[in-house]
Asks: 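What follows is a single structure, and I will ask about it in a moment.
We're numbering straight along the sequence, starting at 1. No hydrogens, no waters, no symmetry mates; every other heavy atom, side chains included, goes into these values.
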Amino acid sequence: MRILIIGGTQFVGRHIVEAALAGGHDVTLLHRGVTGRGLYPQARHVIADRNGDLGELRGERWDATIDVSAYQPEQVERLADVLSTGHYTLISTVSVYDDPPPGYTEDARLREDDSYGGKKVACERVTAARFKDPLILRLPYVVGPYDHLVRFTWWVQRIADGGEVLAPGHPDEPIQLIDARDLARWTVAMTAAATPGIFHPSGPAGRLSFGELLATMREGTSATLTWVDPEFLIERGVGHEDLPLWPALDEEAAVNQADPARAIAAGLTFRPLAETVRDTRLEPPQLGHRLSREREAALLTEWRQR
């Protein structure tokens, strides 16, 4: 198939490109050329800003399009004005939901605001209006190699570094995620099959707690985990920028309990978490992006002396 990928040079997009190329598809990337310009020479690169002139897309037709980088409804409208495509897949987010209940399905109430999630809702609505039978994927945390956001990667590398690790909050809080490679392989397969609908590619198939996540990362390391009450940390200004993925600090923590049954029934599978952890350890060190070892040690000392 001729597949157009909007984005494709960072994290999720890179994995989707690699899955499409591995599947033998003829891939075109539309991106600004800011990152990844030298990636994937076997693919065609169209250098353009989706917020500007997309005239280079006129006069061509693709069998399918996967849109990884739509954050504003106007971006989807502008693309639909010039794009000739068979199937269209939109990468969205579970942040579209408005305080959903545990085990919520794809029919749960959506946000009606100007937040990140609210704008994604607007993108989904334009998608449904402008493209025939689209596929909309509402993603949880995506993890694994190439993660420039340094969330899961930071935890893997910090724990691998050993010593006493500050673990925030309560270990039984739920969290959902998916390895970008599992997501990419399934996304390309669903797109190639022109599958319509809305899905939660949220893993694992069973419940995963934040404590179980960190414990898996700790296997084979010399690290120990010290769980610290959230109130203690919040009072001292510790937030998501310091300790990513922390469910209790997530304004949208409820989205970590999506029902993935529809996606699993459509063929989505999840590799073992330990495999994702192992491969993420091979990424270049990025510990400087988050809580410093010095501040971590000071917080742990104060916590013990409280």
Asks: Please list, chain by chain and in numerical order, all residues satisfying salt bridge (charged side-chain N to carboxylate O under 4.0 Å, His left out) with R32, sequence neighbours excluded.
Replies: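 Partners of R32 by the salt bridge (charged side-chain N to carboxylate O under 4.0 Å, His left out) criterion come out as none, since no residue qualifies.
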Asks: Hey, does the side chain of Q176 reach the backbone of Q257 with a donor-acceptor pair shorter than 3.5 angstrom?
Replies: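 Checking the backbone N and O of Q257 against the side chain of Q176, a donor-acceptor pair under 3.5 Å is found.
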Asks: In a check of side-chain contact (heavy atoms from CB on, under 4.5 Å) between T65 and each of L90, T191, I6, which one passes?
Replies: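 When side-chain contact (heavy atoms from CB on, under 4.5 Å) is applied between T65 and each of L90, T191, I6, only I6 qualifies.
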Asks: Could you list all the salt bridge (charged side-chain N to carboxylate O under 4.0 Å, His left out) pairs where at least one residue sits in residues 193-215, not counting sequence neighbours?
Replies: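 As it turns out, there is no salt bridge (charged side-chain N to carboxylate O under 4.0 Å, His left out) pair with a partner in residues 193-215 once direct neighbours are skipped.
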Asks: Indicate whether any N or O donor in one side chain lies under 3.5 Å from an N or O acceptor in the other, for E283 and T153.
Replies: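 Looking only at side-chain atoms, T153 and E283 do not form any donor-acceptor pair under 3.5 Å.
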Asks: Is there a donor in the side chain of R50 and an acceptor in the side chain of S69, or the other way round, less than 3.5 Å apart?
Replies: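 The criterion, which ignores hydrogens and geometry beyond distance, is satisfied for S69 and R50.
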Asks: Could R304 and E164 be called an ion pair, given the rule that one side-chain N must be under 4.0 Å from one carboxylate O?
Replies: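 E164 and R304: salt-bridged.
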Asks: Do R306 and W303 form a cation-pi contact, if we require the NZ or CZ to be under 6.0 Å from the six-membered ring centre and within 45 degrees of the ring's axis?
Replies: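 Positive - R306 is close enough to the ring of W303 and near enough to its axis.
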Asks: Assess K120 against Y71: is NZ or CZ under 6.0 Å from the centre of the six-membered ring, and within 45 degrees of the ring's axis?
Replies: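 Yes, a cation-pi geometry holds between K120 and Y71.
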Asks: Using atom types as modelled, flag every donor-acceptor pair under 3.5 Å from a side chain in residues 23-30 to any protein atom, sequence neighbours excluded.
Replies:
from	atom 1	to	atom 2	distance (Å)
H25	ND1	M1	N	3.3
T28	OG1	W62	NE1	3.2

Asks: Check for a donor-acceptor pair, side chain of S115 on one end and backbone N or O of G118 on the other, with a separation under 3.5 Å.
Replies: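 Pair found, side chain donor or acceptor close to backbone of G118.
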Asks: Should the pair R236 and F232 be classed as cation-pi, given the thresholds of under 6.0 Å to the six-membered ring centre and 45° from the axis?
Replies: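 Checked: cation-pi criterion met.
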Asks: Using atom types as modelled and distance alone, determine if a side-chain donor or acceptor of R138 lies under 3.5 Å from a backbone N or O of E106.
Replies: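 Flag set: sc R138 to bb E106 pair under 3.5 Å.
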Asks: Per the side-chain contact (heavy atoms from CB on, under 4.5 Å) rule, which among M217, E219, R218 passes with V277?
Replies: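 Going through M217, E219, R218 one by one, the side-chain contact (heavy atoms from CB on, under 4.5 Å) with V277 is satisfied by M217 alone.
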Asks: Charged N to carboxylate O below 4.0 Å: is that the case for K119 and D113?
Replies: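 Looking at K119 and D113, the cut-off is not met.
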Asks: Are side-chain N/O atoms of D259 and Y104 paired as donor and acceptor at under 3.5 Å?
Replies: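 Not at all, the side chains of D259 and Y104 share no donor-acceptor pair under 3.5 Å.
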Asks: Determine whether D99 and R109 satisfy the following criterion, salt bridge (charged side-chain N to carboxylate O under 4.0 Å, His left out), listing intermediate values before the conclusion.
Replies: CA-CA 8 Å; D99 193 25; R109 185 176 69 243; 5.4 Å; no
Asks: Starting from L282 and following side-chain heavy-atom contacts under 4.5 Å between hydrophobic residues (I, L, V, M, F, W, Y), which residues can be reached?
Replies: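 Direct or chained contacts put L282 with none.
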Asks: Decide yes or no for H87 and K132: does some side-chain heavy atom of the first lie under 4.5 Å from some side-chain heavy atom of the second?
Replies: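 No, their side chains stay 4.5 Å or more apart.
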Asks: Between R130 and E124, is there a salt bridge with N-O shorter than 4.0 Å?
Replies: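 No.
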Asks: Could you list all the salt bridge (charged side-chain N to carboxylate O under 4.0 Å, His left out) pairs where at least one residue sits in residues 173-196, not counting sequence neighbours?
Replies: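 Qualifying pairs, neighbours excluded: D179-R181, D179-R271, R181-D279, D182-R185, D182-R271.
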Asks: Would the distance check show the side chain of Q75 and the main-chain N or O of Q72 forming a donor-acceptor pair, the cut-off being under 3.5 Å?
Replies: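 Indeed, once roles are kept as given, a pair shorter than 3.5 Å links the two residues.
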Asks: Sequence neighbours excluded, which residues qualify as side chain to side chain contact (heavy atoms under 4.5 Å, CB included) partners of I264?
Replies: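 A205, P260, F270.
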Asks: Give a yes-or-no answer on whether the side chains of E18 and Y40 include a donor-acceptor pair shorter than 3.5 Å.
Replies: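 Per modelled atom types, E18 and Y40 side chains form a pair under 3.5 Å.
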